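Let me begin by presenting the structure, written as structure tokens, before commenting on it.
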Amino acid sequence: MLNNNGGTHDIPEKPLSSTSNPHLFGEHDNIQLYVSESCTDSESLPEGYEWIGLRETFNLLPHPIYIEAGKASEILYFDTHHHYCGICGAPMEWHTAISKRCTQCGDEIWPQLNTAIIVLVHKGEKALLVKARNFKRDYYGLVAGFVETGESLEECVRREVYEETGLAIDNIHYFGSQPWPYPMGLMIGFHADYVSGDIALIDGELKDANFFDRDNLPPIPGKMSMARMLIDSWVKGSEFRS
Ligand SMILES: [Zn+2]
């Protein structure tokens with residue numbers, strides 16, 4: 001994926017119409033970044049190498065390179081899901097590093113991010129942690145959900161907390177954001193304060209929800225997630241991203 005023009009591949013100067021060929025999508029430290037589809041059979045790898053998933057690279061790559069790898073994954077997803085124009089049905093081709101254009105009607109499209117919020121709700125010295133039905137591991141995270149059409153981020157935060165837990169909140173304030181390329185997302189984190197209500201798992205997305213003390217936490221998500229960053233900020237007593 002990374003190439004400094006010193007490799008053995010014949011790298012094209014311009015973006016191509018398909019990521020079956022290398023597609024130039026960006027630059028990092030004066031190194032041009034390309035993405036392409038590749039077979040993943042182990043026989044094609046040099047001895048001592050193995051294929052790993054993007055999530056696993058979080059703990060192996062320098063963070064800026066992990067971010068670029070995530071962008072590459074999103075560009076590849078965008079390409080493979082937009083072969084044809086949604087208006088006239090003609091083939092699409094790359095127009096810029098991050099956009100495609102219809103070969104007939106000229107309509108230009110960019111990758112569309114799925115925007116999601118995630119929120120840590122404070123109640124005095126306690127924080128609201130939840131266990132989702134779809135969590136693969138047995139840990140507690142935070143209330144989260146996708147922003148709907150026509151909705152502000154604050155409205156989404158209030159709606160998701162109410163739908164998942166039955167609680168009313170206020171004093172919503174921004175914490176930070178994070179690209180979430182699984183497959184194409186932007187996660188936006190908030191802190192908020194509990195106002196009223198008793199916990200009720202209204203929409204059935206959760207297995208459990210409860211307020212926890214800092215010194216009595218259940219298992220929580222790993223370091224790569226916005227949920228963990230929010231929980232760590234609360235544990236440290238800092239509600240702003242460091
Ligand atoms: Zn078209």
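Order of listing sets the numbers, starting from 1, for every ligand and every atom in it. We number each residue from 1, following the sequence as shown. Everything quoted here is computed from the prediction, not taken from an experiment.
His28 and Ile65 get closest at one heavy-atom pair: CD2-CD1, 3.5 Å.
Note on residues 140-167: pairs passing ring-ring contact (aromatic ring centres under 6.0 Å, His included), not counting sequence neighbours, are Tyr140-Phe212. Counting only residues at least two apart or in different chains, side chain to side chain donor-acceptor pair (under 3.5 Å) contacts with residues 103-118 comprise Ser99-Glu108.
Scored by the salt bridge (charged side-chain N to carboxylate O under 4.0 Å, His left out) test, Asp138 finds Lys131 as partners (sequence neighbours excluded).
Around the Zn ion (ligand 1), protein N, O or S atoms at less than 2.8 Å number 4.
Judged purely by atom type and a 3.5 angstrom limit, Lys123 has no side-chain atom pairing as donor or acceptor with the backbone of Asp193.
A centroid separation of 6.0 Å or more is found between the aromatic rings of Phe175 and Trp234.
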